[in-house]
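Here the structure is a predicted model, which is why all the values come from computation and not from measurement.
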Amino acid sequence: MVRVAIAGAAGRMGRNLVKATYLNQEAKVASGSERPESSLVGVDLGELCGEGKLDIAIVDSLEKSIEEYDVIVDFTAPVNTIANIELCKKYGKQIVIGTTGFSEEEKQQIDAASKDIAIVMAPNYSVGVNLVFKLLEKAAKVMGDYCDVEIVEAHHRHKVDAPSGTAIGMGEAIAGAMGNELNDVAVWAREGITGERTKDEIGFATIRAGDIIGEHTAMFADIGERVEITHKATDRMTFANGAIKAAVWLNAKPAGFYTMTDVLGLNDL
């Protein structure tokens, strides 16, 4: 039984992660944290998330419950996630990272930490999205050299980073299959007189509106035909369930950097 701590447990995603852990027969809710200034510090984690009393009070730092858990699941913000990585390094814990919007320097910190602790990091923990990544690699190898590639993503009004980590992951899958680095071919936005698109560019478009949980489409467009690969999420539990699946899988793994491709064994298909 893997003992799981949820960072940002009272947030939209945090509450779903608590529920997913509670429902997973191989995992146990062991701790949860919130910002020190939050009025929810001290509240019972189970009652807050609708799972009944768990006798687990929300703490303002996961260091205070360090003996209670094996792995942290963190879908918060880069500065908080980096702090939790340092906590894991200090005490020999593991971490599942769903946070997006990291700087290049922060990504290097995460990569360096994976030499000391086991980390799963993915832009999206949905099984369907990770299958889409593999499908995009195949589509890019067949159609990428003669089609225009565009990625469109939509999320709720509260999302603070753009494009989404999932959209970037889609772009990386396509660019990598074509032998390119995404930063060399990405066009993150268009405005004004842009001129004709170049052959290798991958365009991104972002929508932020209402309560959209997550929609992503990658388009391969030629003259006369177009292939679109789309994923639509209608419930955050699909991400939460995948993240807890990753936490269970990670428990037996040595230090290293892993993705959902590893967790799901997609390279073995």
* Scan residues 234-250 for pairs that pass side-chain hydrogen bond (donor to acceptor under 3.5 Å, both in side chains), counting only residues two or more places apart or in two chains. =>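 Matches after skipping sequence neighbours: none remain.
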* **Inter- and intrachain pairs under side-chain hydrogen bond (donor to acceptor under 3.5 Å, both in side chains), touching residues 31-40, at least two apart** =>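 Passing the test, one end in residues 31-40: S31-S65, R35-E37.
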* Nonpolar side-chain network containing V187, other nodes, edges under 4.5 Å -> none
* To do: Any chance you could pull the hydrophobic cluster mates of I229, using side-chain heavy atoms under 4.5 angstrom and chaining through other members?
  => V129, L131, V132, F133, L135, L136, V142, M143, Y146, V149, I151, I168, M170, I174, M178, L182, V185, W188, I202, F204, F220, V227
* Asked: Taking only residues two or more places apart in sequence, or in another chain, which ones meet E215 in a salt bridge (Lys or Arg N to Asp or Glu O under 4.0 Å)?
  ->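 Listed in chain order: nothing, the list is empty.
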* To do: Taking salt bridge (Lys or Arg N to Asp or Glu O under 4.0 Å) as the test, write out the residues that go with E228, two or more places apart.
  => R226
* Would you mind reporting whether V71 and N251 have side-chain heavy atoms less than 4.5 Å apart? =>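 When only atoms from C-beta onward are counted, V71 and N251 do not touch, as no gap falls below 4.5 Å.
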* Heavy-atom side-chain proximity of I66 to K93 below 4.5 angstrom -> yes
* Identify whether the distance between the nearest side-chain nitrogen and carboxylate oxygen of R208 and E153 falls below 4.0 Å. =>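 Answer for the salt bridge query: yes.
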Enter the distance from [X]:[atom1] to [Y]:[atom2] here, rounded to the nearest 0.5 Å.
| X | Y | atom1 | atom2 | value |
| --- | --- | --- | --- | --- |
| L45 | I56 | CG | CD1 | 6.0 Å |
| H155 | I212 | NE2 | CD1 | 9.0 Å |
| E150 | R197 | CD | CZ | 4.5 Å |
| N80 | N84 | CG | CG | 5.0 Å |
| N180 | E172 | CG | CD | 12.5 Å |

* So, for Y125 and F75, is the gap between ring centers shorter than 6.0 Å? ->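 Ring-ring flag for Y125/F75: true, centres closer than 6.0 Å.
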* Asked: Should we count NZ of K159 as having more than 12 external heavy atoms under 6.0 Å?
  -> yes
* Between E67 and Y91, is any side-chain donor less than 3.5 angstrom from a side-chain acceptor? ->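 Their side chains do not contain a donor-acceptor pair, so the 3.5 Å distance test is not met.
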